[in-house]
Amino acid sequence: MRESLVADLNRLYVGILLIIAVCTSFFLKLDIILLSIIIVLVLYDLFSLKFINYLTQIIIILLILILFYLVNEFILFWNYFYLIQIFIIFISILISKYRFIFFYLSVCLFCIFLILINQNDRNIFYLIIGISFLNDTVAYIFGSKFKGPLIIPSISPKKTWSGTLVSFILSIVTLYILNFSLLFSSLVAISLFLGDIFFSYIKRSLNIKDFSKVLGNHGGILDRLDSMFLASIIFQFYLITN
């Protein structure tokens with residue numbers, strides 16, 4: 001019981017520090033610093049897994065940098081970028097033998113999503129972070145308190161229907177209050193859940209609990225950004241159609 005309480009307190013402290021860091025970045029306009037920290041920690045998580053050799057990882061990163069250059073040079077490509085990400089995600093699910101390589105690639109593209117979204121609308125960038133934190137926190141609190149049946153225990157052993165439904169409704173209400181349509185708000189809420197499940201699926205297939213321990217009881221940075229993963233695609237589509 002005591003160990004569980006200490007773990008929960010550590011999780012709370014790290015969560016508060018993350019919120020303070022994001023709020024400080026927003027108000028002081030330190031977007032570049034925040035993005036740099038996120039990308040460095042993401043790469044740390046990926047490199048620490050060691051499921052592919054370092055040379056292959058470096059090659060993938062170089063290819064991503066070239067792709068990022070092309071995206072910036074030929075802005076029309078931005079309009080179809082989300083389709084490439086969706087395709088890679090499906091491949092990572094269907095092809096088990098090279099799953100981690102495709103997952104690695106999709107995570108690198110996710111970092112580019114965050115950069116491009118921030119360049120186009122920094123408010124949307126911070127909204128993605130905020131709604132993701134809100135969704136995860138509410139799901140964790142209500143799931144821990146009310147417990148109840150699990151949704152997909154074989155993939156996500158702690159995700160309950162109670163926590164998920166409350167966080168789902170609250171995410172929709174929050175986005176709707178911020179003048180997003182009910183349909184769009186619902187799609188984002190669904191994407192928050194599916195992103196979390198997708199990352200849990202990858203972790204189970206790789207037989208790991210967390211991507212790293214860089215954030216202590218929160219795991220790695222990827223364990224905190226999981227629900228943002230698919231939401232970034234939805235918001236990117238929103239930006240190019242509005």
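FYI, side chains are in, hydrogens and waters are out, and symmetry mates aren't considered; it's all heavy atoms of this structure.
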Check whether any side-chain heavy atom of [X] sits under 4.5 Å from a side-chain heavy atom of [Y], and report yes or no.
{"X": "Phe110", "Y": "Ser232", "value": "yes"}
{"X": "Leu206", "Y": "Arg99", "value": "no"}
{"X": "Phe198", "Y": "Asp226", "value": "no"}
{"X": "Ile197", "Y": "Ile151", "value": "no"}
{"X": "Leu175", "Y": "Leu127", "value": "yes"}
{"X": "Leu187", "Y": "Ser191", "value": "no"}

TODO: Please test Val138 against Phe142 for side-chain contact (heavy atoms from CB on, under 4.5 Å), starting from the C-alpha separation and ending with a verdict.
DONE: CA-CA 6 Å; Val138 171; Phe142 280 86; 3.6 Å; yes
I need the minimum non-hydrogen distance between [X] and [Y], along with the two atoms involved.
{"X": "Ala231", "Y": "Leu192", "answer": "CB-CD2, 3.9 Å"}
{"X": "Ile202", "Y": "Ser205", "answer": "O-OG, 2.7 Å"}
{"X": "Lys29", "Y": "Arg122", "answer": "CA-NH2, 3.6 Å"}
{"X": "Asn118", "Y": "Asp31", "answer": "ND2-OD2, 3.0 Å"}

As an exercise, state the distance from [atom1] of [X] to [atom2] of [Y], rounded to the nearest 0.5 Å.
{"X": "Cys111", "Y": "Ile38", "atom1": "SG", "atom2": "CD1", "value": "8.0 Å"}
{"X": "Ser200", "Y": "Leu194", "atom1": "OG", "atom2": "CG", "value": "11.5 Å"}
{"X": "Leu28", "Y": "Leu34", "atom1": "CG", "atom2": "CG", "value": "11.5 Å"}
{"X": "Ile101", "Y": "Ile88", "atom1": "CD1", "atom2": "CD1", "value": "12.5 Å"}
{"X": "Asn135", "Y": "Met228", "atom1": "CG", "atom2": "CE", "value": "12.0 Å"}
{"X": "Ile169", "Y": "Ser185", "atom1": "CD1", "atom2": "OG", "value": "13.5 Å"}

Open item on the list: Using a 6.0 Å cut-off, check whether atom CD1 of Ile19 has over 12 heavy atoms from anything other than its own residue.
Closed with: yes
Task: Enclosure of Phe180 CZ (heavy-atom neighbours >12, cutoff 6.0 Å) - done: yes
Open item on the list: Going by the rule ring-ring contact (aromatic ring centres under 6.0 Å, His included), which residues pair with Phe26 if we only count those two or more places apart in sequence or in a different chain?
Closed with: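 For Phe26, the residues satisfying ring-ring contact (aromatic ring centres under 6.0 Å, His included) (neighbours in sequence not counted) are Tyr126.
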Open item on the list: Checking Tyr44 now: which residues fulfil ring-ring contact (aromatic ring centres under 6.0 Å, His included) with it, not counting sequence neighbours?
Closed with: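 Tyr44: no ring-ring contact (aromatic ring centres under 6.0 Å, His included) contacts found.
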Task: Sidechain-backbone polar pair: Asp136 side chain, Phe133 backbone, donor-acceptor under 3.5 Å - done: no
Task: Thr164 backbone acceptor or donor facing Ser167 side chain under 3.5 Å - done: yes
Open item on the list: Would Ile190 and Phe168 count as a side-chain contact (heavy atoms from CB on, under 4.5 Å) here? Give the steps.
Closed with: CA-CA 7 Å; Ile190 293 172; Phe168 180 80; 3.6 Å; yes
Open item on the list: Can you confirm whether or not the ring centre of Phe211 sits under 6.0 Å from the ring centre of Phe103?
Closed with: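 Under 6.0 Å, so yes.
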Open item on the list: Would you say the rings of Phe184 and Phe235 are close, in the sense that their centroids are separated by under 6.0 Å?
Closed with: yes
Task: Flag for Ser227-Asp196: side-chain donor and acceptor within less than 3.5 Å - done: no
Are [Y] and [X] connected in a single hydrophobic cluster, I mean Ile/Leu/Val/Met/Phe/Trp/Tyr linked by side-chain heavy atoms less than 4.5 Å apart?
{"X": "Val40", "Y": "Val22", "answer": "no"}
{"X": "Ile37", "Y": "Ile32", "answer": "no"}
{"X": "Leu150", "Y": "Trp161", "answer": "no"}
{"X": "Phe229", "Y": "Ile39", "answer": "yes"}

Open item on the list: Assess the residue pair Tyr104 and Phe47 against the criterion (side-chain contact (heavy atoms from CB on, under 4.5 Å)); give the C-alpha distance rounded to whole Å, side-chain angles, the decisive distance to 0.1 Å, and a yes or no.
Closed with: CA-CA 10 Å; Tyr104 194 110; Phe47 271 72; 3.2 Å; yes
- [ ] Output all residues satisfying side-chain hydrogen bond (donor to acceptor under 3.5 Å, both in side chains) with Arg204, sequence neighbours left out; order by chain, then residue number.
- [x] none
- [ ] List the steps, then state whether side-chain contact (heavy atoms from CB on, under 4.5 Å) holds for Ile233 with Phe113.
- [x] CA-CA 8 Å; Ile233 300 176; Phe113 275 162; 3.6 Å; yes
Open item on the list: Given Leu222, which partner from the list Leu46, Leu41, Val214, Asp210 fulfils the side-chain contact (heavy atoms from CB on, under 4.5 Å) test?
Closed with: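 The single option meeting the side-chain contact (heavy atoms from CB on, under 4.5 Å) with Leu222 is Leu46.
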